[in-house]
Enquirer: 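Let me begin by handing over the structure; questions about it come next.
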Amino acid sequence: APTDNDMYQQQAWREAGYDRLWTTLTDCTAQARSDCFEITVAVDLTPQALSGLFSGRLRYRFTRNGEIELRASLWPQRGELPFLPRFGLLFQMEPAYSKVSWYGRGPHESYPDCYDSAAIGLYQSDAGAMLPYCIRPQECGNRSQTRWMCVTDEKGRGVCLSSDTPFHFHVSPYTIEQIERAKHAD
């Protein structure tokens with residue numbers, strides 16, 4: 001969902017088809033190794049009725065101790081494309097998984113223009129409290145320079161993500177499509 005800061009780029013993104021990408025599986029391999037099981041998936045990301053924009057690869061490694069390592073990469077299929085607003089993965093969870101903890105910038109949202117006010121530390125929040133109030137609904141609540149984050153239920157069951165490279169994350173009770181369709185917060 002574009003933010004107010006994206007208003008000058010939105011038209012170019014829509015013309016390129018970023019708002020309607022379809023994922024097409026182009027290859028899938030699975031391999032059992034001595035220490036893990038590995039699945040590699042190759043995809044094309046293409047707007048409906050247009051030629052391909054991006055190719056991507058996801059590699060999942062399932063280790064014997066229950067860890068899942070995910071590597072994702074993306075590259076353009078054509079030369080001149082508008083700035084890519086983000087590349088990431090979307091995980092949907094049941095509403096019971098509403099406890100969020102992380103080590104990174106916080107406690108409030110932390111886009112690059114407000115790093116000075118968001119210290120790196122250990123933080124906890126409820127998913128619904130991670131979104132600041134915006135009169136015109138838009139994507140918000142980003143947490144940045146994160147080393148690890150967990151989303152759990154009241155009993156501490158859930159999923160944790162970590163990375164050797166600091167990453168951004170966003171937790172919201174709303175889908176991107178719901179935010180884009182909303183006209184006003186009230």
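Bear in mind that the values here come from a model prediction, so they are computed numbers and not experimental data.
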Enquirer: With a cut-off of 3.5 Å and sequence neighbours excluded, list every side-chain donor-acceptor pair involving residues 16-30.
Expert:
residue	atom	partner	partner atom	Å
Tyr18	OH	Pro82	O	2.6
Arg20	NH1	Arg14	O	3.0
Thr26	OG1	Ala42	O	3.1

Enquirer: Could you name each residue pair satisfying salt bridge (charged side-chain N to carboxylate O under 4.0 Å, His left out) that touches residues 65-84, not counting sequence neighbours?
Expert: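 As it turns out, the salt bridge (charged side-chain N to carboxylate O under 4.0 Å, His left out) pairs with a partner in residues 65-84, which skip direct neighbours, are Arg59-Glu69, Arg61-Glu69, Glu69-Arg71.
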
Enquirer: Do Val43 and Tyr60 belong together in a cluster built from hydrophobic side chains that touch within less than 4.5 Å?
Expert: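 The answer is yes; both residues are in one hydrophobic cluster.
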
Enquirer: Mind checking the NE2-OG1 spacing from His170 to Thr146? Nearest 0.5 Å is all I need.
Expert: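 Rounded to the nearest 0.5 Å, the NE2-OG1 separation comes out at 13.0 Å.
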
Enquirer: Just jot down the side-chain hydrogen bond (donor to acceptor under 3.5 Å, both in side chains) partners of Arg143, sequence neighbours excluded, or say none.
Expert: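 Scan of Arg143 (side-chain hydrogen bond (donor to acceptor under 3.5 Å, both in side chains), adjacent residues dropped) gives none.
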
Enquirer: Pairing donors with acceptors under 3.5 angstrom, does anything connect the side chains of Thr63 and Asn65?
Expert: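 Judged by distance alone, the side chains do pair up.
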
Enquirer: With sequence neighbours left out, what residues match Ala72 under side chain to side chain contact (heavy atoms under 4.5 Å, CB included)?
Expert: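 Per chain and number, Ala72 pairs via side chain to side chain contact (heavy atoms under 4.5 Å, CB included) with Leu58, Phe87.
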
Enquirer: Mark yes or no for whether Ser73, through its side chain, and Gly56, through its backbone, hold a donor-acceptor pair below 3.5 Å.
Expert: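 Checked: no pair found.
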
Enquirer: Does Ile120 belong to the same Ile/Leu/Val/Met/Phe/Trp/Tyr cluster as Tyr111, with side-chain heavy atoms less than 4.5 Å apart forming each link?
Expert: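 Each belongs to a different hydrophobic cluster.
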
Enquirer: Test side-chain contact (heavy atoms from CB on, under 4.5 Å) on His108 and Ser117 and set out the steps.
Expert: CA-CA 9 Å; His108 53 74; Ser117 68; 3.1 Å; yes

Enquirer: Report yes if some heavy atom in the side chain of Pro47 is under 4.5 Å from a heavy atom in the side chain of Leu53; otherwise report no.
Expert: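 Yes - at least one pair of side-chain heavy atoms lies under 4.5 Å apart.
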
Enquirer: Say you draw a straight line from OG of Ser101 to CG of Leu122; how long is it, rounded to the nearest 0.5 Å?
Expert: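 Rounded to the nearest 0.5 Å, the OG-CG separation comes out at 7.0 Å.
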
Enquirer: For Asp126 and Ala129, indicate whether the former's side chain and the latter's backbone hold a donor-acceptor pair under 3.5 Å.
Expert: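 Looks like no, no N/O pair under 3.5 Å.
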
Enquirer: Give the other cluster members for Tyr123, using side-chain heavy-atom distances under 4.5 Å between Ile, Leu, Val, Met, Phe, Trp and Tyr residues; answer none if it is isolated.
Expert: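 Grouped by the 4.5 Å side-chain rule, Met93, Tyr97, Val100, Trp102, Met130, Met149, Val151, Val159, Leu161, Phe167, Phe169, Val171 form the rest of the cluster around Tyr123.
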
Enquirer: Is Phe91 linked to Trp148 within one hydrophobic cluster, defined over Ile, Leu, Val, Met, Phe, Trp and Tyr using a side-chain heavy-atom separation of less than 4.5 Å?
Expert: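 No, Phe91 and Trp148 fall in different hydrophobic clusters.
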
Enquirer: When you measure from the side chain of His168 to the backbone N and O of Ser110, does any donor-acceptor pair fall under 3.5 Å?
Expert: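 Pair absent, no side-chain N/O of His168 close to backbone of Ser110.
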
Enquirer: If you measure from OG on Ser172 to CG on Leu90, what distance do you get to the nearest 0.5 Å?
Expert: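 It comes to 10.0 Å.
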
Enquirer: Please evaluate residues Arg64 and Phe37 with respect to the criterion side-chain contact (heavy atoms from CB on, under 4.5 Å), reporting the C-alpha separation (whole Å), side-chain torsions for both, the decisive distance (0.1 Å), and the verdict.
Expert: CA-CA 8 Å; Arg64 294 190 185 282; Phe37 185 78; over 6 Å; no

Enquirer: side-chain contact (heavy atoms from CB on, under 4.5 Å) for Gln77 and Asp44? Distances and angles first, verdict last.
Expert: CA-CA 9 Å; Gln77 291 182 357; Asp44 282 339; 2.9 Å; yes

Enquirer: Are the side chains of Phe62 and Ile39 in touch, meaning some heavy atoms are under 4.5 Å apart?
Expert: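 Heavy-atom side-chain distance check passes, below 4.5 Å.
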
Enquirer: Just how far is it from atom CD of Gln31 to atom OG1 of Thr40, taken to the nearest 0.5 Å?
Expert: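 Nearest 0.5 Å value for the CD-OG1 distance: 8.0 Å.
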
Enquirer: Can you name the residues that form a side-chain hydrogen bond (donor to acceptor under 3.5 Å, both in side chains) with Gln124, not counting sequence neighbours?
Expert: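 Gln124 satisfies side-chain hydrogen bond (donor to acceptor under 3.5 Å, both in side chains) with no residue once adjacent residues are dropped.
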
Enquirer: Do the side chain of Arg105 and the main chain of Ala118 share a donor and acceptor less than 3.5 angstrom apart?
Expert: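 Yes; judged by distance alone, with no hydrogens or angles, the pair exists.
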
